[in-house]
Amino acid sequence: MIDYIKKNLKLLFIVLAGFVFLMITILPSGSRFCYQGQCGIFFWGANGHDGIWHLSLISTAFKQFPFIIPIYKNGLLAGYNYLMDFSLYLLTLLGFSPQFLFFKLVPIVWFIGFCYFLILLGRKITNNVTFISWLLFFSFFGSSFTFLLPLYHNGSIWGASSLVSMQSGQALTNIQFALSLVGLLIIFYILKTKKLNYIWICVLGFLLLLNLGLKFYGGFVSAASIYIFLFLEHSESKDKFKLKLIINTVAKYAVLTLFVVLAVVMFYDPFHS
């Protein structure tokens, strides 16, 4: 993958520009900073709320079982996609600080994985450098340009982030969502390149479980994509009315659904939340 990018310098330019553009929303947070004579740990934008929430989960929620919610005394953590926070808690046991893991390591690892699987999937769709370039460009910089509305009405784009939340340039303001995109790319790659026998169905089911554990709507989109793909694959088969093929398709749905149910029970605790 590195050689492929090196051979196509415009890809390298887009990747580097995308790295800088995405990282400015996350890397400064969690570091010491002084402003107008006051010094402390700096949190940028949404991380003034979300980042502190995740740091508190990583630091306190998983030190006992059942897991606790940091903001309510004796409250239990339920109905929440805590997979990322729990994984980072385990890494803190190796001596890493929550701030370093959440604001520095995870974003960089995410960017590498996102670029790798985006290019890998793109080359399977159309192995054309121009196509890959546009795929990377819109994945990094795509926006609805709704920030033009406050600019027109108020003469400033200040506060426009509430209008353009969860668009490409702000993906890392919600790291769980960003991580679920990598899972979604892997799912798309498998659907594009593999014959869906039961081994690959189990792999897809496991990816569904992970994405549901990372972000509910990331998992929902992942599940919908696989379920629709299986439906279309069956409906386009010449033998779609044969009992054997119908049973095979239903069995695949059943395996996937087991993983979904397991994820819902593990992370969303429908019996208590």
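Side chains included, hydrogens not; waters and symmetry mates left out as well; all remaining heavy atoms used.
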- When you look at Lys6 and Leu12, which way does the side-chain contact (heavy atoms from CB on, under 4.5 Å) test go after all the steps? CA-CA 7 Å; Lys6 284 182 178 178; Leu12 180 61; 5.9 Å; no
In terms of relative ring orientation, are [X] and [Y] parallel, tilted or perpendicular, with 30° and 60° separating the classes?
{"X": "Phe67", "Y": "Phe86", "answer": "tilted"}
{"X": "Trp110", "Y": "Phe114", "answer": "parallel"}
{"X": "Tyr89", "Y": "Phe62", "answer": "tilted"}

Where the side chain of [X] meets the backbone of [Y], is there a donor-acceptor pair that is under 3.5 Å apart?
{"X": "Asn8", "Y": "Lys10", "answer": "no"}
{"X": "Gln176", "Y": "Asn81", "answer": "yes"}
{"X": "Asn174", "Y": "Phe177", "answer": "yes"}
{"X": "Lys252", "Y": "Leu196", "answer": "yes"}
{"X": "Asp50", "Y": "Trp53", "answer": "no"}
{"X": "Thr173", "Y": "Gln170", "answer": "yes"}
{"X": "Lys63", "Y": "Ser59", "answer": "yes"}
{"X": "Lys104", "Y": "Ser29", "answer": "yes"}
{"X": "Thr126", "Y": "Asn128", "answer": "no"}

Check this for me: [X], atom [atom1], are more than 12 non-hydrogen atoms of other residues, nucleotides or ligands nearer than 6.0 Å?
{"X": "Ile71", "atom1": "CD1", "result": "yes"}
{"X": "Tyr116", "atom1": "OH", "result": "no"}
{"X": "Tyr217", "atom1": "OH", "result": "yes"}
{"X": "Ile2", "atom1": "CD1", "result": "no"}
{"X": "Phe216", "atom1": "CZ", "result": "no"}

- Evaluate side-chain contact (heavy atoms from CB on, under 4.5 Å) for Asn47 paired with Phe102, printing each intermediate quantity in order. CA-CA 11 Å; Asn47 286 314; Phe102 186 81; 4.1 Å; yes
Could you report the tightest heavy-atom contact between [X] and [Y], atom names first, then the distance?
{"X": "Pro107", "Y": "Leu101", "value": "CD-O, 4.2 Å"}
{"X": "Gly169", "Y": "Thr25", "value": "O-CG2, 3.8 Å"}
{"X": "Pro98", "Y": "Thr92", "value": "CG-CG2, 4.1 Å"}
{"X": "Ile52", "Y": "Gly48", "value": "CD1-O, 3.2 Å"}
{"X": "Ser168", "Y": "Phe140", "value": "CB-O, 3.5 Å"}
{"X": "Leu214", "Y": "Ser180", "value": "CD1-N, 4.0 Å"}

- Query: Hey, mind stepping through Leu256 and Val260 against side-chain contact (heavy atoms from CB on, under 4.5 Å) and telling me if it holds?
  - Reply: CA-CA 6 Å; Leu256 290 169; Val260 171; 5.6 Å; no
Would you compute the distance between atom [atom1] of [X] and atom [atom2] of [Y] and round it to the nearest 0.5 angstrom?
{"X": "Tyr72", "Y": "Ile69", "atom1": "OH", "atom2": "CD1", "answer": "6.5 Å"}
{"X": "Ile186", "Y": "Leu191", "atom1": "CD1", "atom2": "CG", "answer": "12.0 Å"}
{"X": "Ile24", "Y": "Phe19", "atom1": "CD1", "atom2": "CZ", "answer": "11.5 Å"}
{"X": "Ser225", "Y": "Asn211", "atom1": "OG", "atom2": "CG", "answer": "10.0 Å"}
{"X": "Thr130", "Y": "Leu135", "atom1": "OG1", "atom2": "CG", "answer": "12.5 Å"}
{"X": "Leu185", "Y": "Ser139", "atom1": "CG", "atom2": "OG", "answer": "7.5 Å"}

Answer whether the closest heavy-atom distance between the side chains of [X] and [Y] falls below 4.5 Å.
{"X": "Trp134", "Y": "Leu136", "result": "no"}
{"X": "Ile190", "Y": "Leu207", "result": "yes"}
{"X": "Ser31", "Y": "Phe103", "result": "no"}
{"X": "Ile68", "Y": "Asn74", "result": "no"}
{"X": "Ile246", "Y": "His234", "result": "yes"}

- Is the centre of the Tyr80 ring less than 6.0 Å from the centre of the Tyr268 ring? no
- Message: The test is side chain to side chain donor-acceptor pair (under 3.5 Å); show your working for Tyr198 and Asn248 and say whether it passes.
- Response: CA-CA 10 Å; Tyr198 285 102; Asn248 185 53; 2.7 Å; yes
- Message: For a ring pair (Phe, Tyr, Trp, His ring centres under 6.0 Å) check, start with the C-alpha distance between Tyr189 and Phe117, then their side-chain angles and the critical distance, and finish with the verdict.
- Response: CA-CA 8 Å; Tyr189 179 78; Phe117 287 107; 7.4 Å; no
- Message: Both conditions, 6.0 Å and 45 degrees, for the charged tip of Arg123 above the ring of Tyr4: are they met here?
- Response: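 Cation-pi check for Arg123 and Tyr4: passes.
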- Task: Walk me through it: do Tyr253 and Tyr227 pass the test ring pair (Phe, Tyr, Trp, His ring centres under 6.0 Å)?
- Result: CA-CA 7 Å; Tyr253 275 120; Tyr227 279 51; 5.2 Å; yes
